[in-house]
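Notes for the one structure printed next.
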Amino acid sequence: MNDLSPLSGHIVVFGFHGVGRRIVRQLSSIGHTVVVIDSQASISEQEDLQRWGITYLAGYGDSEDTLSAASVTTALAVLCVTDDDVRNTRLALLVRDRSAEVRLVVRIANSAVSRALHEVAQPGAVLDVAALASPSFVEAVLDSTTHEITLGGVEFIIDTIDSRRDGTMRSLGKEFTPIAIRAGGTTQTTCLPDADHPVRVGDFITVIGTREDYRAYGIEPNLGTEVSAGPNLRRRIRELIAAMSDAVDRPFRIASLILGILFVSSFFILILGYEESDGTRMDPLDALYFTSETIATVGFGDFYFREQPTWLRLWAIVLILMGAALVAIATALLTNALVSRRLEQSLGRQRLTGMRDHIVVIGLGSVGSKVAMDLHAAGHEVAVIDSGDGRRFIPQMRAARIPVLIGDATLAETQVGAGIERAAGVAVLTSDDLVNIEMGLAVRGVIGEREVPIALRVFSRNLARVIGSGLDAGVARSIAELAMPWFVGETLGLEVLGTFYIDTSLFMAIGVDCISGGRLEGIAPAQVGPSIRVVAVRRGGPTGAVEQVRADSAPLGIGDRAYVIGLYQDVFAALHRS
């Protein structure tokens with residue numbers, strides 16, 4: 001343990017893996033003094049901390065000596081971001097017991113624990129990494145470029161539109177605030193272009209505006225979250241038919257076919273050959289009735305064959321014997337199929353056979369379950385493949401009638417069982433980067449030439465860039481990168497409103513109050529700086545109206561709240577002290 005002189009105004013972080021590492025790096029990069037407490041930091045991780053100028057304390061953090069050495073009572077904020085909910089809860093309670101004023105930011109995946117800790121964390125917040133990252137994975141697997149965000153109670157939409165004419169960003173119109181532009185036919189994206197940036201027909205421009213702004217421009221934004229009842233009903237009927245067909249095996253089908261041929265043959269033979277003593281022939285209804293009662297072995301004795309020709313009496317014998325045998329065989333095979341089907345249902349194979357244009361989620365961890373539930377809530381058909389590690393989430397899936405297939409997603413048999421070749425999208429969300437890449441490539445091989453979006457969960461930003469530029473394994477999204485801005489924002493007292501990707505760049509939206517002597521006081525919203533954009537302003541405090549920023553918007557005054565969008569690094573660098 002390092003020797004520390006008394007600290008004040010610093011930030012204490014418990015946990016240096018996953019999202020914790022990203023949080024520490026970001027806080028350090030904007031000039032904060034950070035103390036990291038972790039019991040399992042490797043030598044290379046400790047060397048990284050030393051290179052960044054960050055103090056490291058080896059330990060679990062729940063001892064009096066460690067808490068005192070970290071000076072938690074005089075810290076600006078304390079973050080409990082280990083991978084263990086129980087440990088984070090214990091640390092939060094210990095810190096709050098020592099100080100009622102220190103800002104506390106706690107990572108909790110369990111919703112019940114999160115609700116219970118909400119009051120304890122004040123001032124501060126309790127955050128769920130899976131809930132923060134899920135919207136981005138849902139957008140990626142649906143191949144959606146549309147993001148909804150609420151700024152000061154007003155709904156804004158971020159979407160990508162086509163340029164209709166050559167000119168500059170200024171000529172695009174006053175309806176929107178441009179966020180990014182990608183030249184047609186290229187993969188290079190320019191973030192936050194200035195007003196004089198050239199625009200040509202065919203360029204793709206990402207903008208933010210209200211629904212009325214889009215309508216004024218002549219387009220209706222496609223939010224991609226509503227599924228009509230008609231297709232759902234058709235899917236249900238198709239799934240039912242497919243499930244009934246899949247519930248029986250080949251011997252049952254053969255027995256049923258022979259029984260059907262016997263039934264039809266008997267029907268026509270009786271109509272053509274049966275004749276009463278008075279010359280009356282058997283009508284179709286009687287033929288149907290007699291065939292049914294004979295095959296069913298109930299034989300009410302309505303018709304007699306004593307006076308019928310020999311060949312017809314022989315046919316009656318064949319009908320009785322074959323009918324009884326085939327019904328018994330079919331009943332036994334059906335019973336066996338239904339028992340087998342019940343066993344398959346326990347493994348999650350129910351309804352999978354009939355699914356078409358569904359979303360396949362691979363990996364039933366905290367992130368996978370959240371993404372599956374969000375897709376289901378939006379009206380999409382979802383199937384889940386899991387290796388068995390996510391069994392604790394299976395009851396949640398069953399309650400939502402989401403089928404779960406237990407198996408190795410890299411095997412062709414498992415992929416066929418989940419209907420990946422018929423899927424409209426695949427989200428690969430296990431906790432192992434390399435496994436996710438392997439599965440993404442395997443899925444791409446099954447899908448073939450079809451344009452099906454694949455969303456991959458990865459940790460490393462560099463690895464995400466390599467996947468995007470060199471491997472056709474899918475669209476890479478980082479859980480840690482998506483969640484980190486929320487934790488850093490809560491640590492610094494900023495109101496984080498959303499994180500979203502535009503191509504491979506992560507943007508964030510925050511609300512920041514204009515204070516005396518702050519970075520924003522007296523500046524026109526449209527001229528805050530080249531690296532961030534103020535898209536809306538709430539004037540005069542919490543009850544003021546929200547107005548969109550135009551070129552002629554009045555300067556910001558004390559008490560105004562600015563709603564800012566930009567690359568998360570630039571937003572924190574520009575505004576964290578405002």
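All of these numbers come straight from a predicted model, not from anything done at the bench.
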query = Counting only N and O atoms by type, is there a donor-acceptor contact under 3.5 Å from the side chain of Asp560 to the main-chain atoms of Val537?
reply = no

key: Polar contact flag, side-chain donor to acceptor under 3.5 angstrom, Tyr501-Glu481   = yes

Side-chain (Arg96) to main-chain (Val102) donor-acceptor, under 3.5 angstrom = yes

query = For Asp85, does its backbone N or O pair with a side-chain atom of Thr89 as donor and acceptor, under 3.5 Å?
reply = yes

note = Sorted by chain and residue number, the side chain to side chain donor-acceptor pair (under 3.5 Å) partners of Arg21 (sequence neighbours excluded) come out as Asp48

task = Could you label the plane-to-plane angle of the Phe16 and Trp52 rings as parallel, tilted or perpendicular, counting under 30° as parallel and over 60° as perpendicular?
result = perpendicular

inquiry  = Please report the interatomic distance CZ(Phe487) to CZ(Arg22), rounded to the nearest 0.5 Å.
reply    = 13.5 Å

message = Whether the side chain of Ser28 engages the backbone of Val24 through a donor-acceptor N/O pair (distance < 3.5 Å, no angle test) should be reported.
response = no

Distance-only donor-acceptor check, side chains Asp408 and Thr414, under 3.5 Å = no

message = Tell me if a side-chain donor or acceptor on Asn436 pairs with a main-chain N or O of Thr430 at a distance below 3.5 Å.
response = yes

Atom pair CE/CG of Met397 and Asp386 - distance to nearest 0.5 Å = 10.0 Å

message = Working to the nearest 0.5 angstrom, can you tell me the gap between Leu27 CG and Leu79 CG?
response = 7.0 Å

inquiry  = If the threshold is 4.0 Å, N to carboxylate O, is there a salt bridge linking Glu490 and Arg103?
reply    = yes

